[in-house]
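Below, read A as the first sequence line, B as the second, and so on, with proteins coming before strands; counting in each chain starts at 1.
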Amino acid sequence: MTAETAHAGAGDRLPPAIFALDAVTLARRLIGATLAVDGVGGRIVETEAYRRDDAASHSFRGKTPRNRAMFGPVGHAYVYRSYGIHWCLNVVCDAGEPGSAVLIRALEPLFGLDHMVQRRGLADPRRLCAGPGRLAQALGLDLSHDGLDLSRLPFRLTEGDGAPVPMPILVGARIGISKAAEQPWRFGLAGSRHLSRPFAKGEIASSGSETV
DNA sequence: GAATTGATGCGCT
DNA sequence: GCGCATCAATTCA
């Protein structure tokens, strides 16, 4: 294959309009996109949607000091501490009412592998960024990134390299929550070996090739 | 491979 | 105090 394999949007910044989508739509749309922090990152292979009217969302009970970024500009980061130990990264979005976000749960590591291994203390490529806490640690994220614009450095959030997501997108119940756990708002790249946990059989949502 | 448990900060009831 | 949008080590198989 030669130049024809290059997708027109490969490497381009994501259109800002997609951050005005509702969290569920954006969560699916981000599968296959590329995320990097200071040049360290990879392909997004797993996401979860959290909506304002969603009992599992931090924004459900309104704005607080911790979750204020969820009510700020769309396309910015919401970073919070989880279980007192880990950091987790969300992409703030909005479908007409503030307080929605997409949790980035797993990456396929592609850039800056040596940095990731050093920060994680483990070299196993399948566990390098497979989970929101692991991902944040590998990319060096912490509270200093909370509220930052994802379209500006040190972030880089772009269309995936190569073709639009060639594999089907999987959908299933979100992980690690007790409220609204029945909502099928977790999305993953089929066939990826870098998911935080496998999806159940039959959890195929779509080809993922449709445009937004 | 699957289940269990401890570590740990902080927002909330 | 309680409950987490978690992880790694440990235990069992």
Interatomic spacing from CG in A:Leu157 to CG in A:Asp149 - rounded to 0.5 Å = 10.0 Å
Atom pair distance, as rounded to whole Å: OH in A:Tyr50 and P in C:dC4 = 12 Å
So, A:Arg51 side chain and A:Ala23 main chain: donor-acceptor pair closer than 3.5 Å or not?
-> no
For A:His145, enumerate each residue passing the ring-ring contact (aromatic ring centres under 6.0 Å, His included) test, keeping only those at least two apart in sequence or located in another chain.
-> A:Phe155
How long is the span from the CZ atom in A:Arg120 to the CG atom in A:Leu128, to the nearest 0.5 Å?
-> 6.5 Å
Could you give the CZ-to-C1' distance, from A:Arg197 to C:dA5, as a whole number of Å?
-> 13 Å
Donor-acceptor pairs under 3.5 Å, side chain of residues 67-79 of chain A to any protein atom, not counting sequence neighbours: which ones?
{"from": "A:Asn67", "atom 1": "OD1", "to": "A:Thr64", "atom 2": "N", "distance (Å)": "2.6"}
{"from": "A:Asn67", "atom 1": "OD1", "to": "A:Thr64", "atom 2": "OG1", "distance (Å)": "3.3"}
{"from": "A:Asn67", "atom 1": "ND2", "to": "A:His58", "atom 2": "O", "distance (Å)": "3.0"}
{"from": "A:Asn67", "atom 1": "ND2", "to": "A:Gly62", "atom 2": "O", "distance (Å)": "2.9"}
{"from": "A:Asn67", "atom 1": "ND2", "to": "A:Thr64", "atom 2": "OG1", "distance (Å)": "3.4"}
{"from": "A:Arg68", "atom 1": "NH1", "to": "A:Pro65", "atom 2": "O", "distance (Å)": "2.7"}
{"from": "A:His76", "atom 1": "ND1", "to": "A:Gly147", "atom 2": "O", "distance (Å)": "2.9"}
{"from": "A:Tyr78", "atom 1": "OH", "to": "A:His58", "atom 2": "ND1", "distance (Å)": "2.8"}

Atom pair CG (A:Leu35) and CD (A:Glu108), whose distance is rounded to the nearest 0.5 Å | 13.0 Å
Separation of A:Tyr80 OH from A:Cys88 SG (nearest 0.5 Å) = 3.5 Å
Identify each donor-acceptor pair in which a side-chain atom of residues 178-191 of chain A lies under 3.5 Å from a protein atom, sequence neighbours left out, and give them as a table.
{"from": "A:Arg186", "atom 1": "NE", "to": "A:Glu46", "atom 2": "OE2", "distance (Å)": "2.8"}
{"from": "A:Arg186", "atom 1": "NH2", "to": "A:Glu46", "atom 2": "OE2", "distance (Å)": "3.1"}
{"from": "A:Arg186", "atom 1": "NH2", "to": "A:Arg197", "atom 2": "O", "distance (Å)": "2.5"}

By a strict heavy-atom criterion of less than 4.0 Å, which residues belonging to residues 61-87 of chain A are in contact with DNA chain B?
-> A:Arg61, A:Thr64, A:Arg66, A:Arg81, A:Tyr83, A:Gly84, A:Ile85
Could you tell me the separation between the CZ atom of A:Arg52 and the C1' atom of C:dA5, rounded to a whole number of Å?
-> 17 Å
Every protein N/O lying under 3.5 Å from an N/O of nucleotides 8-13 of chain C:
{"from": "C:dA8", "atom 1": "OP1", "to": "A:Arg120", "atom 2": "NH1", "distance (Å)": "2.8"}
{"from": "C:dA8", "atom 1": "OP1", "to": "A:Arg120", "atom 2": "NH2", "distance (Å)": "2.8"}
{"from": "C:dA8", "atom 1": "OP2", "to": "A:Arg134", "atom 2": "NE", "distance (Å)": "2.6"}
{"from": "C:dA8", "atom 1": "OP2", "to": "A:Arg134", "atom 2": "NH2", "distance (Å)": "2.6"}

Interface limits on DNA chain B, where chain A has a heavy atom under 4.0 Å of a nucleotide atom = B:dA7 to B:dT13
Which value, rounded to the nearest 0.5 Å, describes the distance between A:Ile177 atom CD1 and A:Glu48 atom CD?
-> 6.5 Å
Intra- and inter-strand pairing of DNA chain B, written as dot-bracket with Watson-Crick and G-U pairs under 3.5 Å and | for the latter, reads |||||||.||||.
Please give, in whole Å, the distance from C:dG3 P to A:His58 NE2?
-> 16 Å
A:Pro16: what forms a side-chain contact (heavy atoms from CB on, under 4.5 Å) with it, not counting sequence neighbours?
-> A:Arg13
Under the side-chain contact (heavy atoms from CB on, under 4.5 Å) rule, collect the residues that match up with A:Ile85, sequence neighbours excluded.
-> none
Rounded to whole Å, CG of A:Leu128 lies from P of C:dC7 at a distance of 13 Å
Using only heavy-atom distances, determine whether the side chains of A:Arg119 and A:Gln137 contain a donor-acceptor pair under 3.5 Å.
-> no
In one Ile/Leu/Val/Met/Phe/Trp/Tyr side-chain cluster, 4.5 Å: A:Leu148, A:Leu30 | yes
Nearest-0.5 Å distance, CG of residue A:Leu107 to OG of residue A:Ser196 | 11.5 Å
Tell me, which pairs form a salt bridge (Lys or Arg N to Asp or Glu O under 4.0 Å) where one or both residues lie in residues 75-96 of chain A, sequence neighbours left out?
-> none
Contacting residues from residues 94-106 of chain A, given that a heavy atom lies under 4.0 angstrom of DNA chain C | A:Leu103, A:Arg105
If you look at every strand shown and take non-hydrogen atoms under 4.0 Å, does A:Ser196 touch a base, only sugar-phosphate, or nothing?
-> nothing
Set of side-chain contact (heavy atoms from CB on, under 4.5 Å) partners for A:Asp114, sequence neighbours left out = none
